[in-house]
Amino acid sequence: MNVKRLVAAVAATTAVLGLAATAPAIAQPEEPTTAATTTAPEAPATSEEAPSDASGAAERATTAEETATSEPATTPAEPTPGTTAAEPATSSAEPTTAAAAPGDGEIQRRYDSLTPAMRTEVGNPVGAEVVAGDALRWQDFTNARFYWTPDTGVTIVQGQIFQRYLDFGAHEGLGVPVTDELSSAGGTSRYSDFVFRDATGEYPSTIYWSTRTGAHLVVEALRDHYRALGEDRFGYVATDSYPTPDERAAYNHFVTPQGHGASIYWSEFGIASVKGAIRDKWAATGWERGPLGYPISDELDAGDGVGKYNEFSGDGQLLAGIVWSPQNGAHSLQGVIAQRYVELGGPTGILGYPTTDELGTPDGRGRYNHFTGTGGASIYWTSQTGAHEVYGGIRVRWSQLGWERSYLGYPMTGEHDIPQGRASEFEHGFVEWHRDTGAVVDFPKN
């Protein structure tokens with residue numbers, strides 16, 4: 001697979017990527033419901049991990065360098081006595097040395113400069129240096145490949161990262177390595193950066209490796225967001241970058257340090273991450289193919305230091321969200337109900353945290369979410385009435401009467417002030433709370 005083809009496949013219907021839409025898409029695996037998609041053996045994370053290769057040293061194949069010299073074929077004759085030796089018709093040219101070709105000897109010099117431990121890791125040469133021109137050379141070693149370009153000098157790709165690099169077609173698929181193998185900031189992963197270049201531009205990517213998940217490819221935009229989130233805090237790369245089934249986005253799945261699933265998605269709505277219980281809920285709704293659409297925010301604090309939430313693209317006109325708290329778990333909101341919930345302050349407002357996903361009413365006419373609120377709270381919606389909140393004593397009375405199946409029907413307004421206290425209007429009546437007596441009364445419209 002060529003990294004340009006992957007990015008272009010995503011770009012086919014995604015204007016934000018700004019790339020040509022002519023490249024064919026790659027095959028798309030099913031999205032797992034958990035991020036633990038690899039079969040790499042589980043290993044405890046430590047502050048430092050061994051490099052990704054585990055090769056033994058092989059017998060080094062040596063080649064002798066031969067230098068050719070030529071002696072004169074004859075010696076000049078002595079001049080005859082009494083005569084003057086004739087001057088040669090032409091003077092012999094000064095010996096010249098051919099200019100070294102670009103990159104000559106650079107790979108060997110880099111190899112010679114390695115420490116003994118590093119030489120053991122990369123192994124011995126297993127083939128001659130390949131000269132692809134003035135801008136590219138490479139040479140294979142037991143467990144690595146050395147590359148030279150005028151821009152990068154000599155870089156080394158090695159170990160399991162090297163093996164995964166070969167799976168993607170090496171420099172023809174991902175371009176040349178622009179770094180040696182490096183360690184993530186916290187030391188839990190190793191990686192090498194690559195750049196594929198052609199007449200249309202540059203396509204950077206990275207292969208990450210860890211003992212926990214193995215080696216996987218991450219394309220530039222996903223990689224940059226992963227690094228911004230903090231590689232070691234966010235988790236281990238668990239899949240290669242893939243386009244979504246609709247080819248409107250690309251994604252990688254991850255495993256958090258705590259063992260939970262996590263993902264980063266790159267779509268027309270931007271780049272965002274989703275993880276843990278919120279991601280599990282999103283997956284249960286059908287990922288991006290479900291009613292919530294694509295994630296458009298990273299996981300955010302709910303504002304009280306307790307809960308978390310993510311925003312999603314929804315139907316493209318009204319946003320959706322998943323809100324989580326340790327007491328109530330993760331629940332989804334969408335459309336007009338989600339909009340009203342935000343208007344009322346979200347988790348820190350009068351309604352509190354959701355205790356249900358958006359559900360359909362028994363009569364098939366409306367939709368609703370329940371919330372923690374004070375004494376319980378809800379938002380009910382129909383296409384005729386809109387979305388309105390009901391909570392506290394008024395909600396208790398409405399529920400006693402039979403909710404929307406009662407004579408009152410659906411709420412027409414949220415709770416509001418009246419001279420006696422508070423009230424909500426319903427399709428066919430009213431419910432009032434009286435401040436002086438604490439009574440809650442209902443009555444039909446005239």
Going by distance alone, is a donor N or O of one side chain under 3.5 Å from an acceptor N or O of the other, for D280 and H260?
no
May I ask you to check whether T188 and D232 show a side-chain donor-acceptor distance below 3.5 Å?
yes
Within 45 degrees of the axis of the six-membered ring of Y391 and under 6.0 Å from its centre: does R422 put its NZ or CZ there?
no
Pair S378-H370, side-chain donor/acceptor within less than 3.5 Å:
yes
Kindly say whether the aromatic ring centers of Y265 and W282 come within a distance under 6.0 Å.
yes
Is the H253 to W287 ring centre distance short of 6.0 Å?
yes
With distance as the sole criterion, is a donor-acceptor pair present between the side chains of S273 and D298 under 3.5 Å?
yes
Side-chain ion pair, E299 and R279, N-O less than 4.0 Å:
no
May I ask you to say whether D363 pairs ionically with R405, meaning some side-chain N is under 4.0 Å from a carboxylate O?
no
What's the verdict on side chain to side chain contact (heavy atoms under 4.5 Å, CB included) for L166 and R145, showing C-alpha distance, side-chain angles and the deciding distance?
CA-CA 10 Å; L166 294 178; R145 181 177 288 179; 3.9 Å; yes
Please lay out, stage by stage, how S241 and N252 fare under the test side chain to side chain donor-acceptor pair (under 3.5 Å).
CA-CA 5 Å; S241 296; N252 280 86; 2.5 Å; yes
Output, in order, the C-alpha distance, side-chain angles, deciding distance and verdict of salt bridge (Lys or Arg N to Asp or Glu O under 4.0 Å) for R397 and E415.
CA-CA 13 Å; R397 182 58 179 161; E415 188 174 301; over 6 Å; no
Are more than 12 heavy atoms from other residues, nucleotides or ligands located less than 6.0 Å from atom CD of Q317?
no
Parallel, tilted or perpendicular for F194 and Y165, by the 30°/60° rule?
parallel
Do Y251 and S267 pass the side chain to side chain donor-acceptor pair (under 3.5 Å) test, and can you show the C-alpha distance, the side-chain angles, and the key distance before you say yes or no?
CA-CA 9 Å; Y251 68 92; S267 74; over 6 Å; no
Ring centres under 6.0 Å, that's the criterion: do Y341 and F371 meet it?
yes
Please check if any side-chain donor atom of E106 sits under 3.5 Å from a side-chain acceptor atom of W148, or the reverse.
no
Taking the side chain from S399 and the backbone from V396, do they hold a donor-acceptor pair closer than 3.5 Å?
yes
Would you tell me whether D304 and Y353 have side-chain atoms, one donor and one acceptor, within less than 3.5 Å of each other?
yes
Does a side chain donor of either R223 or T206 reach within less than 3.5 Å of an acceptor in the other side chain?
yes
Side-chain donor-acceptor pair under 3.5 Å between E231 and Y208, yes or no?
yes
How are the rings of H171 and W138 set relative to one another: parallel (under 30°), tilted (30 to 60°) or perpendicular (over 60°)?
tilted
Answer yes if the ring centres of Y226 and F254 are under 6.0 angstrom apart, and no otherwise.
yes
Identify whether NZ of Lys or CZ of Arg in R197 sits under 6.0 Å from the centre of the six-membered ring of Y203 and within 45° of that ring's axis.
no
Would you call the rings of W398 and Y380 parallel, tilted or perpendicular if under 30° counts as parallel and over 60° as perpendicular?
perpendicular
Consider only side-chain N and O atoms of T356 and Y368, and report whether a donor and an acceptor are under 3.5 Å apart.
no
Parallel, tilted or perpendicular, judged at 30° and 60°: which one describes the rings of F269 and Y294?
tilted
With the threshold set at 4.0 Å, does a side-chain nitrogen-carboxylate oxygen contact exist between R110 and D180?
yes
Does a side-chain N-to-carboxylate-O contact under 4.0 Å join D240 and R164?
yes
For the pair D112 and R109, find out whether any cationic side-chain nitrogen is under 4.0 Å from an anionic carboxylate oxygen.
no
